[in-house]
Amino acid sequence: MTGSKAGTVDGYAARRTWSGRLAGLRRLDMPLLLSVLALSAVGALLVRSATFQLLTERGEDPEGFLKRHILNLIIGFVLGGIVTLLDYRLLRAYVPILYGVACVGLLAVLTPLGETINGSHSWIVLGGGFQVQPSEFAKVGLVVLLAMILGEPRDGEIGPGRRDVLLALVLAGVPGVLIMLQPDLGTTLVFIAVVLGMLAISGAQKRWLVGLVGGGAAAAFAVWFFGLLKDYQIDRFIAFLHPEADPRGAGYNAQQARIAIGSGGAFGKGLFHGEQTGGHFVPEQQTDFIFTVAGEELGFVGAAVIVALLGVVLWRGLRIATQAADLFGTLVATGVVCWLGFQAFENVGMTIGIMPITGLPLPFVSYGGSATFANMIAFGLLQAVHVRRRPFD
């Protein structure tokens, strides 16, 4: 009899455990989850298409990039799941550690440990084909740092005061300068977008935003006037303004990207059948220029679906920000939306000629390790804020 009761109690406890887990899954933002899953699946197909022919010609495993990408996605989703399970409000206690680790990683890049890839000294090579890009994880550190500083107004203040804003700008400027020294203009622009967006939502006085925009414009002019940009960065801006001026040199990437996208027409040439993609006319098609693969092989309709899925991610992120339980959660979600939104706009924009070319991958679509992990952590932060939103919304 006792054994029967014990078995009944154990069975009841097990059912409660599983029901609790299922209830936790129901609290997830399903449109956000499904959109990220769809983008990841499409991205895997595009990575395979962009690399299959090239690896075959080299005599390597034609599915090599695809296998590594799938492994990165699995690790990324695990990281995102872990972050989702954490109470994001407890991150406040660990923000100094996250910020310190991010700065140490950026400093390590500038030592002999760092490696230059595609003109940017942004990588640490671990061996065995593994590389780490600390600037990707610095984006996560920046978001939680600014949320902590700006999300806790002092007594009697509606928004962050002058000391809070100055502290946020100084601390954000440290990794920003380290990233500029690599130099990595694309990630620097992401940092600027995140800082401006989070300041605007935090309730900071408008004069700070006006001053930052004006100061940024003046700094950009000074950088250009005194010749502080690298030659390849200047070439990219010239190619953006006049791509036809040097079609075989600085303007080559921009020209070929638009040719590839334009050749796809409305419905594309079919997955794995892109002539521009198969001929390797566009460089780095599995990473920075993966949208050209979508444009050529899936056409306008397929590319529009990718943009729409990215739009759903940003829409759900904004909704999560409005429903967050506290200002800290609102700012975390806002920072993630600014990060992913600007990066997606820049990546798509540079392939169709409305933005200058920078080394920014397309979130959840492009091949990559560090970028994939950072994007999935950002996805986990959004889910963590959503799961612990205000209970009566």
Side-chain angles (χ1 to χ4, degrees), residues 20 23-36 79-99 139-161 164-165 167-168 171-172 190-191 193-206 208-209 310-344 363-364 374-393:
L25 289 176
R26 287 196 294 270
R27 288 197 298 269
L28 293 176
D29 190 304
M30 294 309 294
L32 174 61
L33 174 60
L34 294 176
S35 297
V36 171
L79 292 174
I82 293 173
V83 174
T84 300
L85 294 175
L86 298 176
D87 189 336
Y88 73 91
R89 292 164 291 194
L90 299 178
L91 281 175
R92 289 183 179 94
Y94 300 98
V95 166
I97 298 176
L98 295 174
Y99 176 78
K139 298 173 186 175
V140 179
L142 176 69
V143 168
V144 295
L145 172 76
L146 294 181
M148 182 191 73
I149 297 174
L150 302 175
E152 297 180 359
R154 302 177 189 274
D155 294 338
E157 295 179 341
I158 299 176
D164 294 326
V165 175
L167 179 61
L171 293 180
V190 173
F191 266 50
V194 170
V195 170
L196 291 176
M198 295 183 71
L199 277 176
I201 297 300
S202 70
Q205 295 182 359
K206 293 181 180 179
W208 286 106
L209 298 175
L310 289 167
V312 172
V313 172
L314 301 180
W315 163 54
R316 299 310 298 178
L318 290 174
R319 183 176 177 84
I320 289 169
T322 62
Q323 294 182 338
D326 54 14
L327 182 56
F328 179 74
T330 295
L331 289 174
V332 167
T334 299
V336 170
V337 170
C338 293
W339 159 12
L340 298 178
F342 178 83
Q343 191 160 318
F364 307 112
N375 291 336
M376 291 304 180
I377 291 173
F379 160 72
L381 286 173
L382 290 178
Q383 291 288 11
V385 175
H386 175 75
V387 168
R388 295 160 185 86
R389 66 192 183 279
R390 292 191 292 266
F392 300 109
D393 279 340

Taking every non-hydrogen atom, the tightest pair across Pro363 and Leu310: O-CD2, 3.8 Å
message: To check you understand the geometry: which heavy-atom pair defines the closest contact between Leu145 and Ala172, and what is its length?
response: CD2-N, 4.4 Å
message: Which label fits Tyr88 and Phe328: parallel for a plane angle under 30°, tilted from 30 to 60°, or perpendicular past 60°?
response: parallel
- request: Measure across Gly317 and Ala333 and return the closest heavy-atom pair with its distance rounded to 0.1 Å.
  value: O-CB, 3.9 Å
message: How long is the straight-line distance from CE of Met30 back to CZ of Arg316, given to the nearest 0.5 Å?
response: 11.0 Å
message: What's the separation between atom CD1 in Ile149 and atom OG in Ser202, rounded to the nearest 0.5 Å?
response: 11.0 Å
Separation between CG of Leu91 and CD1 of Ile97, rounded to the nearest 0.5 Å: 11.0 Å
statement: Here the gap from Leu150 atom CG to Thr334 atom OG1, rounded to the nearest 0.5 Å, amounts to 11.0 Å
query: Do Leu98 and Val140 pass the side chain to side chain contact (heavy atoms under 4.5 Å, CB included) test, and can you show the C-alpha distance, the side-chain angles, and the key distance before you say yes or no?
result: CA-CA 8 Å; Leu98 295 174; Val140 179; 5.7 Å; no
query: Should Phe379 and Val336 be marked as a side chain to side chain contact (heavy atoms under 4.5 Å, CB included) after you check the CA-CA gap, both sets of side-chain angles, and the distance that decides it?
result: CA-CA 8 Å; Phe379 160 72; Val336 170; over 6 Å; no
query: For Val385 and Ala324, which heavy atoms make the closest approach, and how far apart are they?
result: CG1-CB, 3.7 Å
- request: Identify the heavy atoms of Cys338 and Ala193 that sit nearest to each other, and give their distance.
  value: CB-O, 3.9 Å
message: In the structure I gave you, are the side-chain heavy atoms of Val194 and Phe342 within less than 4.5 Å of one another anywhere?
response: no
query: Can you tell me if Arg388 uses its side chain to pair, donor with acceptor, with the backbone of Leu86 under 3.5 Å?
result: yes
Steps toward side chain to side chain contact (heavy atoms under 4.5 Å, CB included) verdict (Arg319, Leu32): CA-CA 11 Å; Arg319 183 176 177 84; Leu32 174 61; over 6 Å; no
task: State whether the side chain of Arg389 and the backbone N or O of His386 hold a donor-acceptor pair below 3.5 Å, judged by distance alone.
output: yes
- line: Note: Leu331 and Met198 closest approach over all heavy atoms is O-CE, 3.3 Å
statement: To the nearest 0.5 Å, atom CD1 of Ile320 lies from atom CH2 of Trp315 at 10.5 Å
statement: The reported gap from CG in Asp29 to OG1 in Thr84 (rounded to nearest 0.5 angstrom) is 10.5 Å
